[in-house]
**Q** 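My structure is below; once you've seen it, I'll send some questions.
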Amino acid sequence: MAYWLLKTEPGEYGLDDLAAAGERAVWDGIRNYQARNHLRDGVRCGDLALIYHSGNRDPGVVGMAEVVVDPYPDPSQFDADSPYYDDRASVDVPRWLCVDIRFRERFPRPLTLAAARQCEPLREMVLLRHGRLSVQPVSDAQWRFILRYCRA
DNA sequence: GCCAACGTTGGC
DNA sequence: GCCAACGTTGGC
């Protein structure tokens, strides 16, 4: 079982939408090869993920979700009406993956990016070193630290 | 809205 | 395969 951090813009699809989605939400639209490779090579059913809100006034980790299925080809890449359509992808040779997740919790004390930068145990976190990656691994130690912080 | 950092495209 | 031009992300 592994830990991840998934980014999203709350104005598009945030923790509220995830909570409202119930048992299963399609986490699609990932269009970055490094993020895709994390899905392909790492993310599996049963993994847990921090939900990170970006592009808002106070970016940070706001909640947690559970991965409920192994990664599979993102249907939106085949949909010409979708903003995530990719005409280089085909059903036979899909280019992008997505995953389904389920809301687990909303943190009483979100970890803002600014606060994370002040936390020594998070110094090596991918979020702080490589800010733009939308699917990124979280180490066991980082996970434990963040949960203790956010649930306090 | 600005801009730095990073990713992608495409000519050669 | 290099690299310049361009596009995107995302904090501020």
**Q** Answer with base, sugar-phosphate or nothing: what part of the nucleic acid does Gln34(A) contact at a heavy-atom distance below 4.0 Å?
**A** sugar-phosphate

**Q** Between dC6(B) atom P and Gln136(A) atom CD, what is the distance in whole Å?
**A** 13 Å

**Q** Are the charged groups of Asp16(A) and Arg106(A) less than 4.0 angstrom apart, N to O?
**A** yes

**Q** Quick one: Arg129(A) CZ to dG11(C) P, roughly how many Å, whole number?
**A** 18 Å

**Q** To the nearest Å, give me how far apart NE2 (His53(A)) and C1' (dG11(C)) are.
**A** 16 Å

**Q** Could you state the CG-P distance from Asn32(A) to dG7(C), rounded to the nearest angstrom?
**A** 18 Å

**Q** Within less than 4.0 Å of OP1 or OP2 of dT8(B), is there a side-chain N or O belonging to Arg132(A)?
**A** no

**Q** Could you tell me whether the phosphate oxygens of dC12(C), OP1 or OP2, come under 4.0 Å of any side-chain nitrogen or oxygen in Arg117(A)?
**A** yes

**Q** Rounded to the nearest angstrom, tell me the gap between atom CZ in Arg36(A) and atom C1' in dG7(B).
**A** 14 Å

**Q** Nearest whole Å is fine: how far is dG7(B) C1' from His38(A) NE2?
**A** 15 Å

**Q** For residues Arg132(A) and Ser54(A), is any side-chain donor paired with an opposing acceptor at under 3.5 Å?
**A** no

**Q** Quickly work out the Leu113(A) CG to dG10(C) P distance and round it to whole Å.
**A** 11 Å

**Q** With heavy atoms under 4.0 Å as the rule, sort Arg88(A) into base, sugar-phosphate or nothing.
**A** sugar-phosphate

**Q** Quick one: closest heavy-atom pair of Val138(A) and Trp4(A), and the distance?
**A** CG2-C, 3.6 Å

**Q** In this structure, how many angstroms lie between the C1' atom of dC6(B) and the OH atom of Tyr33(A), rounded?
**A** 15 Å

**Q** Please state whether the phosphate of dG11(C), meaning OP1 or OP2, lies under 4.0 angstrom from any side-chain nitrogen or oxygen of Tyr52(A).
**A** yes

**Q** Please determine whether a side-chain nitrogen or oxygen atom of His130(A) lies at a distance below 4.0 Å from atom OP1 or OP2 of dT9(C).
**A** no

**Q** Pair Met125(A), Ile146(A) - check side chain to side chain contact (heavy atoms under 4.5 Å, CB included), show working.
**A** CA-CA 11 Å; Met125(A) 216 183 157; Ile146(A) 291 171; 3.6 Å; yes

**Q** Could you check Tyr3(A) against Met64(A) for side chain to side chain contact (heavy atoms under 4.5 Å, CB included), going step by step and ending with a plain yes or no?
**A** CA-CA 10 Å; Tyr3(A) 301 120; Met64(A) 197 232 284; over 6 Å; no

